[in-house]
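These notes are about the structure you will find just below.
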Amino acid sequence: MKEKLEALRTQALAELEAADTPKVLEEFRIRFMGKKGPLTELLRGMGALPAEERPRVGQMVNQLRAELETALATREEAIQSALKAARLKEETLDVTMPGKRAAAGGLHPLNSVLNNMIDIFQSMGFDVVDGPEVETDYYNFECLNVPKDHPARDMQDTFYIGENLLLRTQTSAAQIRTMEERKPPIRVICPGRVYRADEVDATHSPVFHQIEGLVVDKNITICDLKGVLEQFAHEMYGADTKVRFRPSFFPFTEPSVEVDVSCSACGGTGCRICKGVGWIEILGAGMVHPRVLKSCGIDPEEYSGFAFGIGLDRLTTTRHKISDIRLLFENDRRFLDQF
Ligand code: PHE
């Protein structure tokens with residue numbers, strides 16, 4: 001009996017020694033210590049022994065069981081801590097490795113130039129207003145004194161959505177909405193997208209941006225227009241920038257002007273940015289036509305005003321010396337990351 005127990009002990013300890021995963025260990029526990037294991041069997045078989053031997057054998061079996069239980073627990077602990085060590089090793093963090101920089105967004109160049117312009121006009125007392133991009137023929141053309149046969153109304157130039165509905169071709173539509181809603185004194189700018197059926201090339205895009213400006217009050221003259229726009233140009237391009245007013249024509253202003261600034265890239269001597277002429281056209285403007293004031297319920301005998309429309313895209317490309325307007329709309333990160 002003693003030899004039998006000794007053999008069992010040797011075998012069990014050897015198997016325990018060899019067990020290297022929790023699974024093998026569990027199998028061992030079931031096989032040796034379980035209800036059908038050799039230890040239980042030995043205890044059960046004790047009935048066949050002479051009565052005086054039973055206590056001794058019982059004691060030996062129990063001793064072996066206790067010993068194996070301890071050995072099992074020790075082994076289990078060893079396996080768990082080996083597993084933990086392996087896992088820690090695998091998950092080690094190299095704190096000296098350079099971190100990944102989170103890609104931070106930035107303002108699109110159009111937006112940063114726009115914000116700049118809004119600051120300038122707000123400091124002169126202008127409010128910022130908004131207008132719809134889908135406009136009626138009435139607000140975009142009719143009320144702005146654009147006659148029915150004007151070429152701008154052509155399907156070739158304007159995106160029509162319905163007979164009287166279109167994508168606004170100019171932010172000037174916002175002038176009318178403003179004058180209908182507010183009473184003078186009025187001092188607003190309205191930045192936004194405008195649409196024209198243009199072919200895409202380096203200087204044209206079917207969608208671009210304007211900032212409309214409108215001032216209506218008593219005794220507003222063309223000197224006010226000149227003063228405001230000169231101030232704007234100097235703040236935008238620098239105090240030594242020259243500003244030039246050329247006579248022009250718009251159906252909704254009389255008289256009308258176009259405004260150029262001396263090219264900031266070459267200082268006026270002529271370069272690639274200004275196409276060799278030394279000047280860059282940045283806006284159209286004029287005194288609001290009395291007929292337009294009247295159709296908005298403002299008495300042209302009492303009030304006068306001026307309006308201007310600045311091309312944001314042109315301003316942005318010249319300011320940042322960008323050679324192709326398409327770059328502003330392609331959203332190529334390699335381009336945008338430069339700003
Ligand atoms: N709306 C005109 C254009 O798109 C610009 C403009 C605005 C002219 C306001 C005069 C007054 O060309």
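Every value quoted in this text rests on a predicted model; they were computed, and no experiment measured them. Whatever order the structure lists them in is the order used to number ligands and atoms, beginning at 1.
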Expected list for residues 215-224: side-chain donor-acceptor pairs under 3.5 angstrom, two or more places apart:
unit_1 : atom_1 : unit_2 : atom_2 : d
Lys218 : NZ     : Glu302 : OE2    : 3.4
Thr221 : OG1    : Cys223 : N      : 3.1
Asp224 : OD2    : Thr221 : N      : 2.8

Applying side-chain hydrogen bond (donor to acceptor under 3.5 Å, both in side chains) to Glu281 and not counting sequence neighbours gives none
CZ/Arg193: more than 12 non-hydrogen atoms of other groups inside 6.0 Å: no
Are Glu67 and Gln63 close enough that a side-chain donor and a side-chain acceptor fall under 3.5 Å? no
Lining ligand 1 at under 4.0 Å, by non-hydrogen atom distance, are residues Gln170, Ser172, Gln175, Arg196, Gln210, Glu212, Phe250, Phe252, Thr253, Gly284, Ala285, Ala307, Phe308, Gly309
Hey, could you give me each pair passing side chain to side chain donor-acceptor pair (under 3.5 Å) that has a residue in residues 112-129? Not counting sequence neighbours. Asn116-Arg319, Asp127-Arg182
Please work out whether the ring planes of Phe121 and Phe308 are parallel, tilted or perpendicular, with thresholds of 30° and 60°. parallel
